[in-house]
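Notes follow once the structure below has been shown.
All values derive from a computational prediction rather than experimental measurement. Residue numbering restarts at 1 for every chain, and letters A, B, ... go by the order of the sequence lines.
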Amino acid sequence: GEEGITLTITANAISGGKNAAGAEWIKQWVIPRFEAAQKAAGHEVRVLFQPNGVGDEQYKTKVALDLKSRTGADVIDLDGIWVGEFAQAGYLKPLTELGGTAVETWEGWKQIPQAVQGLGIFEGKKYGLPQGTDGRVLYYNRELFGRAGLPEPWQPRSWQEILDAGAALKRLPGVTPIQINAGTAMGEATTMQGALPLLAGTGTEIYTGGRWAGSSQAVKDVLEFYRQIYSGGLGDPKLQQEAKGRDKSFAEFADGRIGILAEGDYFWRSVIDPKTGVAPMAERDRVVGYARIPARRPGAGVRGQDFVSLSGGAVRVLNPFSKHPRQAWELLSFMHSAEAVKAELAGAARVTSRSDVNAEVLAADPMLRFVSEEILPITVYRPGLAVYPQVSAALQEATADIVSGRPVQEAAAAYRAKVEGLVGGSGNVAD
Amino acid sequence: MISVHGLTKVFPGGVRALDSLDLDIGEGEFFALLGPSGCGKTTLLRSIAGLETPTSGRIGIGGTDVTALAPGRRDVAMVFQDYALFPHMDVAANIAYPLRIKKTPRARREARAAEVADRLSLTGLLGRRPGQLSGGQQQRVALARAIACRPRVFLFDEPLSNLDARLRLEARTFLKRLQDELGVTTVFVTHDQGEALALAHRIAVMDAGRIAQIGTPAEIFHRPATTFVASFIGSTPMNLLPGTVGDGVLHVAGAALPAPGDLPEGEPIVYGVRPEYTDLSATRREDGFPGEVAVLENLGTASLVTLQGPDHLVQAVVGEGHEPAVGTAAWAVPRRGRALVYHDGRLAGQA
Amino acid sequence: MISVHGLTKVFPGGVRALDSLDLDIGEGEFFALLGPSGCGKTTLLRSIAGLETPTSGRIGIGGTDVTALAPGRRDVAMVFQDYALFPHMDVAANIAYPLRIKKTPRARREARAAEVADRLSLTGLLGRRPGQLSGGQQQRVALARAIACRPRVFLFDEPLSNLDARLRLEARTFLKRLQDELGVTTVFVTHDQGEALALAHRIAVMDAGRIAQIGTPAEIFHRPATTFVASFIGSTPMNLLPGTVGDGVLHVAGAALPAPGDLPEGEPIVYGVRPEYTDLSATRREDGFPGEVAVLENLGTASLVTLQGPDHLVQAVVGEGHEPAVGTAAWAVPRRGRALVYHDGRLAGQA
Amino acid sequence: MNLVGHVLGRIASAVLLAVVAAFFALPMLWLASAPFDAHPSITVSLPEFTLDNFRAILDNPYALGSIGNSIIQAGGAAALVVVLAALAAYALSRVRVPGRDALLYVLLLMSSVVTGTAAMVPIFELASRLDLVDTHLGVVLTVSGGLLPAAIFILKDFMDATPTSYEESARVFGASPLQILRHIVVPTVRPGLATIAVWAVANVWGGFLLQYILLRDPGKSPGSVVLYTLYTEGGQPDLSLISTFSLLYSLPVVLMYLFVSSRYGFRFHGGIKR
Amino acid sequence: MSTDAAGLGRGRAVAFALPALVLIGTFLIFPAIWTIYLGLTDYRLTGAAAADPRLVGAGNYATALGDERFRDSVWLTAQFVLGSAIIGQAGLGFALAWIMRDRRGPVRRVVEALVLLSWILPGSVVAFLWIALLDRDGGTLNALLGTPGAAWLLDHPMLSIIVFNTWRGTAFSMMLYSAALENVPPSHLETARLAGASALQQLRDVVLPRIKGHVLTNVLLTSLWTFNDFTPFLITAGGPEGRSEILPVYVYNVALRDGRLGFGAAVSLLILAINLVFALAYLRLLRDRREVPG
Ligand SMILES: Nc1ncnc2c1ncn2[C@@H]1O[C@H](COP(=O)(O)OP(=O)(O)OP(=O)(O)O)[C@@H](O)[C@H]1O
Ligand SMILES: Nc1ncnc2c1ncn2[C@@H]1O[C@H](COP(=O)(O)OP(=O)(O)OP(=O)(O)O)[C@@H](O)[C@H]1O
Ligand SMILES: [Mg+2]
Ligand SMILES: [Mg+2]
């Protein structure tokens with residue numbers, strides 16, 4: 001039976017390019033070890049890696065086309081947000097249907113917090129294994145804070161306190177006080193780092209109880225906050241419109257030209273890391289501070305929280321059309337073993353999905369420990385539905401409207417009209 | 001050698017380029033097709049070559065019916081007006097091209113090309129491209145290419161018309177000698193009557209898809225069968241003047257001239273006489289056309305005088321030293337026996 | 001009227017098309033520029049028009065120096081070989097175009113176009129496009145356009161060469177009359193010597209950017225100054241045979257001929273005689289060039305006979321009915337006083 | 001010609017040409033400086049000269065091979081397009097088929113739509129059913145289908161402009177249609193074929209989406225796809241790699257241009273004539 | 001036997017054209033018909049509609065025509081085509097061909113090489129070059145003009161991509177017009193000059209009527225290509241706020257980013273229809289020309 005089985009892994013990672021470390025891990029660590037382990041167990045298994053190095057949309061399209069024509073890799077990397085729409089399209093099946101009883105009895109489940117498991121769950125069924133997660137915080141530049149006479153360490157308790165800090169920073173020449181992503185050029189970053197955390201701070205989620213947030217007071221409050229920043233001279237509207245605006249905001253923060261920046265922990269790890277970052281800050285640990293994102297007012301956040309955050313993360317799924325689903329599960333679970341996950345980190349610190357690994361690897365990095373301990377408990381995930389990207393886009397457009405000076409009322413109404421069109425009528429929209 | 005029967009060609013647009021045309025050309029004959037632009041000369045030539053499919057009629061070459069045969073299998077060679085030398089091949093390759101198509105071995109065809117080139121004094125040019133040749137040289141290369149494949153029939157479509165006046169005269173003599181030597185049946189299209197007269201054994205004058213007259217150059221020149229042929233032939237245009245017959249006398253443009261026999265009385269006729277056979281008189285003559293000298297054209301050894309009459313123009317050729325002054329009165333007198341009388345457009349007699 | 005002094009034109013590629021050329025053309029003169037292809041005729045004409053900037057030298061028209069004047073301001077009209085009629089304008093608009101550019105009011109220019117068209121018998125064609133006209137009609141439209149703006153000078157660049165042989169003869173006479181009537185100074189380029197002889201008051205024969213000879217048609221025809229001009233002029237090419245002077249006698253191609261005075265003894269000369277002035281003798285003659293009749297070409301009222309000698313070709317024109325048979329032996333005898341002797345390429349005497 | 005006006009006109013046109021040349025050269029300066037700069041930024045500056053970037057790009061496992069793939073795919077497509085378009089254009093130019101021009105226009109219009117994003121699913125499914133996914137041939141065939149109509153359209157103009165007397169002459173000598181095409185037509189329209197080949201290569205060379213979707217093995221990816229991998233984890237362009245690779249990746253088309261323009265010259269006929 | 005020059009005949013002509021037609025049929029017409037079908041459904045790449053697309057008839061078309069973003073996009077595309085294809089590429093291409101018509105030597109070769117290079121360099125590379133050129137902070141243009149901080153791509157997105165596309169595509173027009181101008185008989189120009197016509201009058205009276213056919217071919221092809229040109233996406237991504245979202249970018253965003261393939265297919269067909277209107281308008285002009293025998 002199992003003579004000469006071939007399994008394929010695909011991911012948006014490629015040697016010498018995008019996510020090179022991930023690609024190396026698969027090629028150098030996962031494949032040889034898994035093959036060796038299988039051999040030891042008496043199975044002849046060959047594992048191939050199909051790298052990619054493109055934009056997320058293109059990667060998603062290619063994977064979808066593969067699955068649509070019932071081909072493709074056996075183990076596939078996906079963004080957690082795509083799980084729902086892929087499942088609806090029949091491109092994914094619950095893990096248990098594919099991997100059999102081995103799935104239920106996998107040791108790893110115990111190590112993945114329930115909230116994080118949610119990344120791979122759609123309509124109550126587990127479709128994928130989460131690779132890791134993250135959290136959003138407010139970064140601030142301590143030096144600028146010092147020069148602006150602001151207290152430090154800094155932890156705002158309401159939106160107003162952010163604005164106040166911005167007003168103080170505004171007095172420094174050549175400094176953009178606050179960068180909260182807005183506009184369509186930033187794409188999903190606007191929703192993730194801006195609109196949704198703010199919305200959570202008003203106690204609302206974008207999709208609850210089968211209905212999408214419309215032009216509610218919550219949405220208007222969010223837009224009003226944007227307005228205060230971008231028409232009050234606290235943010236740089238141009239930055240929100242450039243195609244490469246987000247990259248530029250990174251560079252400016254690293255340069256000490258942005259006071260406060262809302263970003264995920266990825267920013268800390270990969271952007272301003274003194275050694276490996278794309279916009280390295282030699283004095284990161286000394287200069288950069290971080291704070292939880294406050295609710296609009298204390299206690300006004302979702303679940304009555306004082307502080308809020310938003311999380312995302314990638315998952316790995318099994319191809320339902322795999323010829324060898326059980327072996328594929330073995331491979332998938334192998335890739336999520338504690339040992340493998342540690343190897344994937346390759347010494348770097350990152351919030352993984354496994355608590356056991358986190359406890360070990362985050363010890364050295366206070367920022368990531370902060371995310372893992374302080375942020376994950378208060379965080380929110382996005383709905384993994386097919387129309388979500390479009391609703392998100394509508395939300396981005398609404399923020400873009402604000403940045404370009406349109407009144408809050410109008411932008412909110414336009415947003416609501418769009419959402420109604422997208423989700424099939426006002427019945428599916430709250431307020 | 002070539003026989004054409006009832007050949008008709010109607011082009012898709014409805015133009016009847018050839019109209020039930022019959023023609024027989026003998027073995028070894030140098031045959032000219034002459035006629036004004038658009039009369040169908042090229043169409044006839046191309047039909048013989050097989051490049052046009054006749055609407056009806058038959059074409060035979062050397063006794064076999066070739067009407068349905070592809071051009072490449074008719075064993076004819078054609079020289080086009082623009083020579084159609086292949087611009088990307090050198091002279092040697094151009095000359096050898098027909099042999100290459102016939103799969104002659106390379107060595108044989110190179111030898112043959114060199115031999116033909118030598119005969120046409122092209123040896124020094126074998127390595128050149130057509131673009132680097134003068135018009136006269138190009139014409140000789142085109143001839144060489146046609147000769148190289150030793151066809152049964154040569155077809156030439158105005159091969160001299162792209163040469164300048166001087167070269168044309170030289171090429172004419174050259175072509176005539178070549179054909180004499182090779183003895184290959186040759187059909188030659190031209191609209192220059194001088195060329196046709198000088199070169200051909202026989203000439204067919206065409207008009208609107210039909211043949212107006214076939215004959216030797218002398219027949220065509222001296223006894224043009226219709227006013228159309230008469231007006232077309234001659235290095236200076238023939239005087240053609242309307243007149244009537246009355247009492248055995250022709251009344252033409254103010255002159256009374258003797259009439260040939262059997263012309264019906266009172267009928268309109270056309271009186272034709274070549275300027276070369278018209279003499280000028282400074283004094284009034286009954287048998288002369290009156291006029292005032294309007295134009296004098298130098299022909300080299302002679303001059304062409306145009307007389308403006310009350311309502312006619314007459315031309316006469318006068319020898320060197322006999323030119324009248326412009327503006328003086330003169331009478332143009334046809335030479336006896338040299339004039340032609342046309343009735344209903346056809347030759348009715350000589351006077 | 002037109003004076004050209006030291007005109008030189010060197011093209012960017014280094015071709016010296018005109019080489020320090022001097023020329024004076026009188027008021028109302030019909031002046032022909034004649035010469036082989038590439039001798040610079042067109043370049044000279046275009047320089048007069050202002051379409052080429054001379055490398056050095058001056059050009060005057062009507063007494064004013066126009067060397068630096070734009071073409072549109074020289075008050076000349078030019079007719080190109082291809083007529084250059086604008087295909088998208090009808091005949092009336094084509095004729096009126098120069099007036100339109102000169103901002104003549106519409107009514108005035110329409111009237112003028114109609115008047116000129118009437119003179120050239122184009123009235124019925126005013127509404128047609130050039131594509132719907134025959135070659136002869138196109139030529140007349142081009143003339144009408146040139147006439148319409150009443151310039152001081154007409155410049156014609158081979159206006160007849162696109163017409164077929166028949167039309168060319170008619171157009172020639174027409175052009176000659178028109179120029180006589182209008183009396184406008186006209187410079188006319190051609191490479192057809194027959195045309196130049198027939199039309200011009202004076203002819204300049206050009207060779208390689210220089211003028212080889214200027215003179216009336218008769219001068220050029222009867223006393224060509226160089227062998228180049230001699231070979232170029234004449235409706236059949238002049239016989240030019242090399243020979244030597246010895247004891248006051250010319251030894252040319254097997255014949256002994258009387259020499260004109262003052263030729264240096266023993267020098268090589270070239271003996272020229274026109275075929276028209278060469279008679280054929282069937283019997284041996286001391287003063288005749290021997291040869292075998294190789295080619296016979298019908299010229300209409302005469303025939304051109306080519307004799308192949310041991311190492312020369314001689315041509316003679318014989319009258320109707322006197323044609324020898326091909327292959328027979330004959331002697332070509334130059335007529336007394338009609339032969340020209342050239343020494344060092346220049347005319348040295350008449351014999 | 002008025003001498004002063006002539007001189008002024010020459011000066012004016014020279015100035016204009018200089019401005020145009022600057023306009024066209026300006027964007028390309030970056031490509032000339034950044035690859036040699038130790039710290040390339042998006043600003044054109046005198047480089048702090050180094051060849052390290054080239055060493056780095058050579059270390060990339062896919063970079064050099066991808067240029068080879070581009071050559072295979074673009075070359076294959078260009079060859080296919082030139083051969084098929086020449087045959088078809090010749091036939092269409094010489095034989096009157098009813099509705100020929102309308103057909104060409106319709107195909108031309110379709111080609112622009114089908115090469116767009118919306119037809120991705122049909123094209124992918126087609127390729128996958130014909131077993132062409134992840135093959136060079138699949139890329140070559142699909143891009144050729146899109147390029148052919150315009151190629152036929154342009155080549156037909158070339159064919160229409162060659163005098164038919166060449167072909168008739170060869171035909172009287174007994175040459176077959178294929179011989180005529182080989183011996184006479186192809187050599188005389190060679191500049192046109194070269195132009196079409198360059199145009200086809202340029203079109204395929206930059207193509208990304210179709211190639212990305214049709215190929216699986218990065219060892220078969222063309223340069224356009226690999227160029228997109230030269231981003232960091234955060235989706236930021238790695239300027240030193242990108243500039244260097246861009247230069248290497250542009251080099252073959254530049255060389256091809258130089259070759260073709262010196263050998264045949266770029267020449268267009270054109271004009272819809274009938 | 002046949003009447004065409006090469007003796008092809010209908011049968012062999014079909015055989016010559018067949019390989020190309022088969023390839024076109026398979027990889028062009030077949031997907032096109034499929035796309036037409038998709039345009040009638042609510043098909044999506046993912047989600048429930050991917051598994052089970054429903055026929056919506058003309059629904060997509062109604063949605064598109066009613067969508068403000070689509071209409072804006074049509075308008076932007078019209079500006080883009082008019083600005084970059086007709087005025088930019090055809091205009092500049094003609095100007096270059098005209099200026100260089102009787103110029104030989106290094107100047108012409110250099111200008112031609114630069115123009116042609118912009119045409120053949122790969123699109124993705126070219127996009128980087130222009131982003132680098134127009135960048136707000138480090139852009140070469142700002143450095144040259146001394147306008148640091150001028151955000152060309154944000155403040156003038158359409159102008160930027162119009163200039164870009166002019167830069168990108170002028171080569172084709174230049175080559176075509178160079179060939180066309182060689183067909184204008186010099187004697188016609190000179191006749192006009194002798195009559196005293198100015199350069200503009202010469203263009204109007206002699207050149208343009210003569211090269212009308214070339215102008216039409218050129219305008220037809222360049223507008224068609226510009227209509228469907230996706231490269232501007234790589235520079236502005238349709239932004240800011242959709243202010244440079246021309247139709248191909250719109251389709252990309254709809255079909256790929258939003259995954260609405262059925263709708264995207266419908267929009268593609270609307271683009272085809274607009275192209276068709278263009279083409280018919282050009283052909284109409286052409287027919288007007290043909291009434292004038294040349
Ligand atoms: N392919 C064609 N389609 C339609 N009509 C044609 C075609 N070829 C020739 N004709 C017409 O047929 C007639 C005869 O043409 P042909 O070319 O045989 O004339 P020609 O005597 O050779 O004239 P020319 O001296 O001008 O060459 C003309 O009226 C011409 O317009
Ligand atoms: N624009 C040009 N550039 C370079 N050389 C030229 C140009 N125009 C003409 N010539 C050359 O100048 C010489 C004279 O040319 P021109 O056109 O005046 O001759 P032509 O006597 O009119 O000849 P044809 O009878 O063939 O018209 C020729 O050698 C020609 O090749
Ligand atoms: Mg003909
Ligand atoms: Mg000339």
Side-chain angles (χ1 to χ4, degrees), chain D residues 13 16-17 20-21 24-25 27 30-31 41-44 84-85 87-88 90-92 94-95 105 107 109-114 116-119 121-123 126 141-142 144-145 148 164 167-168 171 177 180 202 205-206 208 224 227 242 246 249-250 253 257 266-273, chain E residues 4-8 10 12-13 16-17 19-20 23-24 27-28 31-32 34-35 96 99 107 110-111 114-116 118 120-125 128-130 132-133 135 138 140 143 167 175-176 179-180 213-214 216-217 224 228 248 251-252 255-256 261 264-265 268 271-272 275-276 279 286:
Chain D
S13 80
L16 206 121
L17 284 181
V20 168
F24 278 90
W30 189 75
L31 206 52
S41 66
I42 49 175
T43 316
V44 175
L84 296 193
L87 283 170
Y90 182 59
L92 290 177
R94 291 300 187 252
V95 178
Y105 282 112
L107 291 181
L109 287 175
M110 270 192 184
S111 64
S112 49
V113 168
V114 166
T117 337
V121 169
I123 286 190
L126 184 69
L141 289 178
T142 37
S144 299
L148 268 173
T164 54
E167 290 148 65
E168 292 183 330
R171 196 163 151 230
I180 292 176
W205 202 259
F208 163 71
S224 50
L227 184 63
I242 283 182
S246 293
Y249 172 48
S250 304
V253 277
Y257 161 73
F266 276 82
R267 194 152 64 91
F268 266 22
H269 294 264
I272 308 168
K273 12 181 164 47
Chain E
D4 56 289
L8 274 178
R10 286 270 165 89
R12 247 178 309 213
F16 273 35
L23 198 65
I24 292 173
F27 291 96
L28 193 64
W34 196 328
T35 309
L96 284 176
I99 293 173
V107 176
V110 166
V111 173
L114 287 172
V115 175
L116 275 154
S118 336
I120 57 175
L121 285 181
S124 35
V125 172
F128 272 116
L129 299 185
W130 274 76
L133 179 73
D135 188 79
T140 313
W167 178 88
M175 285 193 289
L176 198 94
H214 293 81
L216 288 172
T217 305
L224 205 61
N228 297 283
V251 174
Y252 179 87
L256 224 83
L261 286 169
S268 289
I271 298 180
L272 180 82
N275 283 340
L276 190 69
L286 180 68

Which value, rounded to the nearest 0.5 Å, describes the distance between D:L92 atom CG and E:F16 atom CZ? 12.0 Å
For residues D:G145 and E:L23, report the shortest heavy-atom separation together with the two atoms involved. N-CD2, 4.3 Å
Between CG of E:L116 and CZ of D:F24, what distance do you get to the nearest 0.5 Å? 9.5 Å
What is the distance from atom OG of D:S246 to atom CG of E:L121, rounded to the nearest 0.5 Å? 9.5 Å
Less than 4.5 Å apart, any side-chain heavy atom of E:F27 and any of D:L126? yes
Ignoring hydrogens, what is the shortest heavy-atom contact between D:L109 and E:L272? Give both atom names and the distance. O-CD1, 3.4 Å
Looking only at non-hydrogen atoms, find the nearest pair between E:P122 and D:G206 and report the distance. CB-CA, 4.0 Å
Check each atom of E:V107 against the heavy atoms of chain D and say whether the ones under 4.5 Å are side chain, backbone, both or neither. side chain
Let's test your reading of the structure: which of D:I242, D:L141, D:L148 forms the most heavy-atom pairs below 4.5 Å with chain E? D:L141
Pick one of side chain, backbone, both or neither for E:I99, based on which atoms fall under 4.5 Å of a heavy atom in chain D. side chain
Identify the two heavy atoms, one from E:A13 and one from D:V95, that lie closest to each other, and give their separation to 0.1 Å. CB-CG2, 3.7 Å
Pair count under 4.5 Å, heavy atoms only, with chain E: among D:P27, D:A88, D:A21, highest is D:P27
Heavy-atom pair of closest approach, residues E:L28 and D:S111: CD1-CA, 3.5 Å
